[in-house]
Amino acid sequence: MKPTDLAKYLTRYLTSYLPDTRGLSTNTIASRRDTFALFFSYLQDEKKINPSKAHISSLDAETVTGFLDWLENTRGCSASTRNLRLSALKAFFLYIQTQTPDHMYLCQQIAALPLKKCPGKSIEYLTLDGIKAILDVVDTATPAGRRDLVLLSVLYDSAARVQEIADLKVGDIRLPKPSTIRLTGKGNKTRVVPLMDSTARLLHQYLDENTLHPVEHYNHPVFKNRSGTKLTRAGITYILDKYVTIAKQSYPALMPKDISPHSFRHSKSMHMLQAGVPLIYIRDFLGHAEISTTEVYARCDSSQKRKAIEAAYPNIQVSALPSWQSDDGLMNWLKSLC
């Protein structure tokens, strides 16, 4: 059977354009791929169109809108998921427009489809006491427990994405002061972030215990599972969930309803903001491309707004910040990122 134009361009898009030209991460490409898997299911089940015989000309704005409604009404997806799938389809049809101008009008119609308004989500983050409560319940009497303590400490201290921690290698760690780790994030972009002395000491002990210091181990994953392979995102989530469940029994008031590995990233960001670290420094610490992405923390920091109001009254005293937040070395490092 002769390949269709849709099959040809979609294959090039997913296997060549996104990874090579755009340099997108494997997770982003997988998300785009999943969008088309759902789209083809819709064509097959609802429109009775065989995806292997579908052509670009048959995929108009009406078909895309029907797919989006199907996601919400039949599959029960949220408006944010609908918008995510629409953005993926828009990106593909904009690519089609550059490859074959014959379909420019069709592509522009799809690109003009509006995103659906959805309520903004509040950022779930933990207080410093909440972070400490989770770390305190880790049983460090076992090698697995000691690994978990170092894992969660690094996850918080570096404000890393969970995949960045999963991909962390021994060679990415620099323990002499100033202690740093190198993280590889979205689009395979790398950034170097500082570590607190306490976290660096934990890492040093962990590497010693697992004999991971020699040069021959530099390409080995830092955090491994029982099989000796690197922890996955699901594995890290499972570890965190285990300790969150325990911590909720002893410290229910300190635990938000939903806690994920990304909550640690949010927590570190909020704590830095509350310590007076400028947004532009936090942006580079987190690896954000745009300051507008980082500004979400300023909008969500009700505590900071409360303190601004309290500052107008001389009788109200604000508690001192934790010692790491007034660390001159850390502040100088953050300034050097810009």
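Computed from a prediction, not measured in an experiment: that's the story for all the values here.
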Is it the case that the side chain of [X] and the backbone of [Y] share a donor-acceptor pair, with hydrogens and angles ignored and the cut-off at 3.5 Å?
X: Y206; Y: L149; value: no
X: H271; Y: S267; value: yes
X: T229; Y: N225; value: no
X: R182; Y: T184; value: no
X: H288; Y: I282; value: no
X: R233; Y: A166; value: no

Give the C-alpha distance, both sets of side-chain angles, the deciding distance and a yes or no for side-chain contact (heavy atoms from CB on, under 4.5 Å) between Y13 and R32.
CA-CA 10 Å; Y13 179 72; R32 302 280 178 92; 2.9 Å; yes
Would you indicate whether K169, at its atom NZ, is surrounded by more than 12 heavy atoms from other residues, nucleotides or ligands within a distance under 6.0 Å?
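Not more than 12 within 6.0 Å, no.
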For the CD atom on E62, are there more than 12 heavy atoms of other groups (residues, nucleotides or ligands in this structure) within a distance under 6.0 Å?
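Count not over threshold, so no.
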Working note: L175 + L203, criterion side-chain contact (heavy atoms from CB on, under 4.5 Å); need CA distance, chi angles, decisive distance, verdict.
CA-CA 8 Å; L175 290 177; L203 261 175; 4.1 Å; yes
Is R191 salt-bridged to D284, going by a charged N under 4.0 Å from an acidic O?
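Judged by the 4.0 Å cut-off on N to carboxylate O distance, R191 and D284 do not form a salt bridge.
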Does a side-chain N-to-carboxylate-O contact under 4.0 Å join D197 and K177?
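Yes, D197 and K177 are salt-bridged.
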Rounded to the nearest 0.5 Å, how far apart are [atom1] of [X] and [atom2] of [Y]?
X: L286; Y: L279; atom1: CG; atom2: CG; value: 10.0 Å
X: Q97; Y: F92; atom1: CD; atom2: CZ; value: 12.5 Å
X: L94; Y: L89; atom1: CG; atom2: CG; value: 11.0 Å
X: D157; Y: I181; atom1: CG; atom2: CD1; value: 8.0 Å

State whether a side-chain donor-acceptor pair under 3.5 Å links [X] with [Y].
X: Y9; Y: H103; result: no
X: T81; Y: S78; result: yes
X: N83; Y: S80; result: no
X: R174; Y: T180; result: no
X: D129; Y: T127; result: no

For side-chain contact (heavy atoms from CB on, under 4.5 Å), just list the numbers for L126 and L254, CA-CA rounded to whole Å, side-chain angles, deciding distance to a tenth of an Å, and then say yes or no.
CA-CA 7 Å; L126 295 108; L254 297 176; over 6 Å; no
Worked verdict on T63 versus F39 for side-chain contact (heavy atoms from CB on, under 4.5 Å):
CA-CA 10 Å; T63 302; F39 189 42; 4.2 Å; yes
So which heavy atom on P51 is nearest to which on F40, and how close?
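Shortest heavy-atom separation between P51 and F40 comes out as CG-O, 3.6 Å.
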Taking all non-hydrogen atoms of both residues into account, name the closest pair between Y156 and L128 and its distance.
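Scanning both residues completely, I find the closest heavy atoms to be OH-CD2, 3.4 Å.
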